[in-house]
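To find a chain, count down the sequence lines: A is the first, B the second, and so on, and within it residues start at 1. Side-chain atoms are counted along with the backbone in the values below, which use heavy atoms only and exclude waters and symmetry mates.
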Amino acid sequence: MEERRYPEGQGPSQEEMRRSNLEIVTGVTCPFCGCLCDDLEVVIEGGRITNVKNGCAYSLAKYLNYQRERLLKPMVREGEELVAVSLEEAVERAAQILVDSIYPVLYGWSSTSSEAQRLGIELAEEVRGAIDNTSSVCHGPTVEALQELGHPGCTLGQVRNRADLIIYWGSNPLQSHLRHMSRYTIGAVGRWRRGREDRTLIVVDVRKTYTARVADYFIQVEPNKDFELLTALRMALMYEEIEQERVAGVPVEAIEEVAEILRGCEFGALFYGLGLTMSSGKNRNIDAAISLVRDLNRWTKFVMIPMRGHFNVAGANIVFLWQTGYPFAVDFSHGYPRYNPGVTSVIDILSRRESDASLIVASDPVANFPRRAVESLLENPLIVIDPHRTATAERADVVIPSALVGIECKGTAYRMDGVPLKMKKVVDPPPGCLSDEEILHRILEEVRRLRGE
Amino acid sequence: MELLIRNAVVYDPINGIDGERMDILVRDGKIVDSINEMQAKVIDASGMIAMPGGVDIHSHIAGPKVNKGRELRPEDHLRYAERGGRVRRSGVGYSIPTTFMTGYWYARMGYTTVMEPATAPLETRHTHEELNDTPILDKACFPLVGSNWFIMEYLRRGDLEKCATYVAWLLRAVKGYAMKLVAPGSVETWGWGRGLMGIDEVIPHFEITPRDIIRGLCRANNLLNLPSPIHIHCNALGAPGNFRVTLETMRCVEDLSRGDRPSIHIVHIQFNAYAGSDWASLSSGATRLARYVNRHSHVTADLGQVIFTDTTTMTADGPWQYRLHNLSGNKWINHDVEAETGGGIVPYHYRRRNYVNAIQWTIGLEFALQVKDPWKICLTTDHPNGGPFIEYPRVMAWLLSRRARLASMRRLNKTARRRSILESLEREYSLYELAIVTRASPARILGLREKGHLGIGADADISLYRIDPSEVDPSRDFRAVRRSLRRAAYTIKEGEIVVKEGEVVGVTEGRTFWVEAEVPEGVSKEVLSDLKERFEDYYTIRLENYPIEEGYLRRPSVRRTRPEAWVV
Ligand code: SF4
Ligand SMILES: [Zn+2]
């Protein structure tokens with residue numbers, strides 16, 4: 001077997017792949033979760049991926065099953081039916097819908113490249129629509145709390161090299177981010193930490209998750225009582241007297257003990273997930289978590305990092321920010337970026353039935369949005385760009401199949417801590433399938449042509 | 001395309017032209033000595049002054065830190081928003097504008113080249129993404145090297161050759177232009193929640209001092225013959241009494257001067273020119289620093305002038321930003337980057353009536369007025385740290401006009417006013433000197449030979465302002481001059497008209513400069529093998545994924561350098 005490293009992130013050329021039947025591409029970045037592990041080795045036989053080394057079970061499943069449930073042909077709706085058309089025709093239809101609409105919404109963006117995100121925003125500005133990404137429904141509260149208080153964070157390597165205390169709060173990486181603990185935290189070997197033996201693990205969750213089972217301290221918080229617990233921890237840190245015997249279902253002695261551990265560590269890192277951002281209280285919870293971590297910096301070094309889900313949801317926030325000043329829920333109806341979550345978020349726009357067309361990229365709102373929003377989405381022309389057959393694609397008026405970022409086309413993605421990584425192309429996309437970037441580029445051109453620019 | 005600019009009063013200090021009425025000829029993006037006048041587009045510049053396009057040596061405009069600032073401060077974006085147009089994208093922001101706005105606003109002021117002076121190498125892919133989206137301007141970024149593990153380890157072993165070779169590798173890997181040191185060593189210790197004050201404290205685990213890093217990288221810079229000197233944000237930034245650290249920093253490389261080119265550039269010196277022992281006794285160290293700069297040729301500095309406004313502070317100096325957060329009670333972002341650097345962001349409002357802020361304001365100007373040779377300094381506010389770049393015309397007015405200074409001092413904190421010597425400084429910059437500190441000097445310090453002047457062969461980056469020196473006296477009519485400087489009558493970038501009467505009328509794609517420094521092959525191999533051995537112990541990404549391919553830059557422009565002699 002030939003093992004070859006490709007310089008500066010290039011994959012094997014088609015020519016090379018044909019010559020030898022077997023190829024291994026190293027240093028591949030996994031396009032699945034926010035860990036963005038960049039050490040995968042993808043085995044390709046005869047132009048097909050047959051194995052993936054270093055990846056976790058999710059990654060393996062993604063690479064081995066990516067060809068299932070694919071959309072292969074551009075389609076447009078004729079009555080009840082979606083019928084196959086040429087790409088040009090689909091692009092034209094999509095552009096026409098956007099040009100005809102007064103207030104389109106453009107949604108998704110977290111599972112595609114930053115290059116595509118850039119063009120999505122340009123398109124939204126061009127058609128004066130509203131653009132939003134999935135963080136609006138998962139880590140929106142994180143952003144709002146950050147705008148209030150700030151956010152003491154770092155890259156994952158700081159944690160790996162230095163942290164002797166790790167907290168997962170409302171996050172269960174052993175089921176959601178499988179390599180997080182081994183690559184970056186508890187199990188990882190760092191410059192000043194030998195691995196598990198040198199680190200303490202605290203898990204806070206409403207139930208005893210897999211991650212909780214391997215923790216040194218598991219704190220079971222009553223559902224929706226995270227805020228109370230965080231507040232009690234802050235009080236304990238300041239040596240304030242806590243009157244009750246239990247807070248959020250946790251004995252006060254335990255809270256005080258944990259406060260001591262937090263204060264006494266050399267470098268602590270708090271990772272928080274949807275369990276904290278989505279439980280009731282939302283940004284109040286994150287406010288309290290940020291305040292706790294900020295307070296802790298009086299005694300020691302303490303940081304926090306959100307556990308981002310989709311592989312490039314962090315990138316969506318980042319690209320939105322540099323182009324519009326805001327991380328999600330950006331409205332261009334006045335010709336410049338406006339931001340008012342709860343008003344300019346796509347779910348809210350849909351729920352108020354204000355939009356009159358939608359473009360969905362790499363997301364499946366029909367399966368995930370509240371009923372009212374879905375109804376409104378389906379009442380109006382709907383364009384879907386996605387590699388896969390989704391519930392949303394089934395109901396669309398225009399469907400344009402795309403290539404998978406990180407497998408069939410390249411691009412940039414941002415890890416949960418903001419580290420940018422290059423996504424590689426390791427195999428060819430299905431014939432005729434272009435990248436989101438290229439499709440959006442063509443739609444944008446077509447929109448401009450139709451508008452006579 | 002050909003362009004004929006007629007009858008402008010030209011200030012071009014590199015070519016010694018001081019307010020002469022003349023024509024400027026442009027062809028294919030360059031200044032030339034003849035064109036076909038029949039075909040050329042003609043701009044009648046009577047009543048206007050012409051200068052080379054502005055060059056900003058230090059302005060935080062792009063990358064992870066700036067973008068986190070945007071995230072932190074939606075309230076900043078409400079201050080200013082702008083619709084898109086036929087050629088323009090829309091945008092928002094005042095102290096941390098979106099990338100498009102950044103390009104347009106600089107161009108409106110007649111600036112055409114801007115340096116992003118601090119990028120964490122690991123995250124520089126992000127910086128380039130933003131620079132790609134920053135229109136019109138030519139730009140470059142400076143990777144942060146002051147707390148880099150490889151560098152500190154090479155220097156501890158006294159291996160200057162490898163240190164320099166690593167720097168060359170890093171510049172190539174991340175497509176950087178110059179070395180930036182931020183509070184050397186201190187940012188590494190901030191990884192443990194601590195900081196260093198002076199330059200002689202030992203950095204735990206690395207067993208060297210900031211002094212070793214400064215000297216080492218200065219020597220590496222000389223060895224590689226890089227176009228620009230090391231840029232240093234000195235230790236103890238923001239602390240009363242820190243002017244001594246700045247003096248020590250300049251002194252410690254006195255013996256490393258390289259002829260007529262500076263060997264060290266002190267960034268935003270105002271923030272490092274504080275005398276006194278605490279906030280109450282804070283006073284200006286500007287005179288002493290200016291005296292040193294006047295007597296030495298190896299050092300240059302930019303101002304970091306403070307402006308009274310609400311802005312956003314952001315530096316790689318994590319411990320300082322944490323201190324500022326505690327001092328101000330304002331919200332705080334921290335972001336440390338593995339094996340390299342860190343950073344923090346804190347919003348801040350500079351107030352006239354506040355003693356400390358008032359003293360800071362006087363310090364920048366005192367320094368600018370007391371350094372005799374304007375070729376040693378550059379106008380900056382350390383955007384957005386001292387204030388947003390769009391307020392530069394206010395700083396220009398203060399330099400050009402004592403009346404403008406006195407007008408601002410009228411409402412200044414009384415104690416600060418009494419303690420400052422600013423009122424007694426009568427010097428006023430000429431337009432020629434203004435052109436030096438905003439064009440010629442930064443271009444020269446950066447080693448950008450085709451920038452900052454209007455000689456034959458220079459890039460045709462030109463700004464025209466509606467100021468008629470025969471009628472307008474900047475000292476007296478500073479308000480009118482300030483207005484004109486805010487909105488160029490024309491800005492021309494590589495021969496294209498991009499701004500007319502303060503409005504963006506053409507959007508071009510700027511270049512991104514980076515440096516490819518030649519190093520001997522043997523030592524290069526050794527450094528690569530060190531990297532292979534240790535990189536993945538230090539970092540959470542693979543070595544092969546660290547370098548940024550040149551194609552990633554929308555319009556790259558490489559500058560190749562070679563050592564004069566590889567003698568260590
Ligand atoms: S942890 Fe996430 S990024 Fe890493 S291999 Fe698994 S799915 Fe991919
Ligand atoms: Zn700076």
Side-chain angles (χ1 to χ4, degrees), chain A residues 5-10 26-27 29 38-39 114 118 122 125 143 146-158 160-162 183-184 189 191-192 266-267 294 297 300-303 317-319 321-327 332 334-339 412 414 418-422 453, chain B residues 62 64 66-68 70-77 81-84 86 89-93 96-100 122-126 129-130 133 149 190-193 205 322 325 330-339 342 345-346 537-545 547-549 552:
Chain A
R5 283 184 174 230
Y6 290 89
E8 299 206 333
Q10 290 150 23
T26 65
T29 306
D38 76 329
D39 62 343
S114 295
R118 285 182 64 246
E122 191 169 352
E125 181 177 343
V143 173
L146 178 148
Q147 292 166 345
E148 245 350 273
L149 294 169
H151 196 268
C154 66
T155 65
L156 290 163
Q158 288 289 93
R160 192 189 76 177
N161 284 321
R162 298 175 204 252
R183 250 172 88 76
Y184 305 123
V189 179
R191 184 166 190 145
W192 292 288
E266 215 178 351
F267 185 120
R294 192 192 56 195
N297 277 282
T300 180
K301 180 82 186 181
F302 228 99
V303 295
N317 292 149
I318 287 169
V319 179
L321 277 161
W322 89 59
Q323 289 220 347
T324 74
Y326 305 111
F332 281 106
H334 291 226
Y336 60 87
R338 291 189 317 147
Y339 166 76
T412 307
Y414 289 80
V419 170
L421 281 154
K422 179 172 174 171
E453 281 173 20
Chain B
V66 179
N67 214 37
K68 283 209 167 62
R70 295 187 185 109
E71 184 170 20
L72 181 66
R73 303 211 63 199
E75 69 276 13
D76 182 88
H77 314 331
E82 193 173 287
R83 286 201 176 82
R86 198 175 48 79
R89 293 288 299 275
S90 68
V92 298
I96 24 180
T98 52
T99 53
F100 307 118
L122 177 64
E123 298 175 334
T124 296
R125 193 176 281 277
H126 176 175
E129 280 217 276
E130 290 197 25
D133 260 352
W149 289 3
W190 180 242
W192 299 111
H205 303 293
Y322 181 61
H325 153 65
N330 294 341
K331 52 192 181 182
W332 166 58
I333 279 182
N334 182 75
H335 185 66
D336 301 335
V337 179
E338 62 212 58
I345 308 166
V346 178
D537 291 342
Y538 295 174
Y539 287 90
T540 49
I541 73 168
R542 292 280 287 258
L543 174 59
E544 65 186 293
N545 288 331
I548 300 163
E549 51 291 0
Y552 201 78

Problem - Beyond-backbone contact of B:Y539 with A:V419, side-chain heavy atoms, under 4.5 angstrom - result: no
Handout entry: Steps toward side chain to side chain donor-acceptor pair (under 3.5 Å) verdict (B:E338, A:N161)
Key = CA-CA 8 Å; B:E338 62 212 58; A:N161 284 321; over 6 Å; no
Practice task
Could you tell me whether the side chain of B:H77 reaches within less than 4.5 Å of the side chain of A:Y339, counting heavy atoms only?
Solution key: no
Practice task
Might you work through the side-chain contact (heavy atoms from CB on, under 4.5 Å) test for A:T155 and B:H335, ending with a clear yes or no?
Solution key: CA-CA 7 Å; A:T155 65; B:H335 185 66; 3.8 Å; yes
Practice task
Apply salt bridge (Lys or Arg N to Asp or Glu O under 4.0 Å) to B:E129 and A:R118, showing your working.
Solution key: CA-CA 10 Å; B:E129 280 217 276; A:R118 285 182 64 246; 5.6 Å; no
Handout entry: Charged tip of A:R162 within 45° of B:W192 ring normal and under 6.0 Å
Key = yes
Problem - side-chain contact (heavy atoms from CB on, under 4.5 Å) assessment of B:E82 paired with A:Y336 - result: CA-CA 6 Å; B:E82 193 173 287; A:Y336 60 87; 6.0 Å; no
Handout entry: Criterion side-chain contact (heavy atoms from CB on, under 4.5 Å) on A:R294 and B:H325, from CA distance to verdict
Key = CA-CA 10 Å; A:R294 192 192 56 195; B:H325 153 65; 3.5 Å; yes
Problem - Main-chain N/O of A:V303 paired to B:N334 side chain as donor or acceptor, under 3.5 Å - result: no
Problem - Worked check of side-chain contact (heavy atoms from CB on, under 4.5 Å) between B:D336 and A:K301 - result: CA-CA 11 Å; B:D336 301 335; A:K301 180 82 186 181; 2.6 Å; yes
Exercise for the section: For residues A:K422 and B:Y552, determine if any side-chain heavy atom of one lies less than 4.5 Å from a side-chain heavy atom of the other. Expected result: no
Practice task
For the residue pair B:R89 and A:Q323, establish whether any side-chain heavy-atom pair is separated by less than 4.5 Å.
Solution key: yes
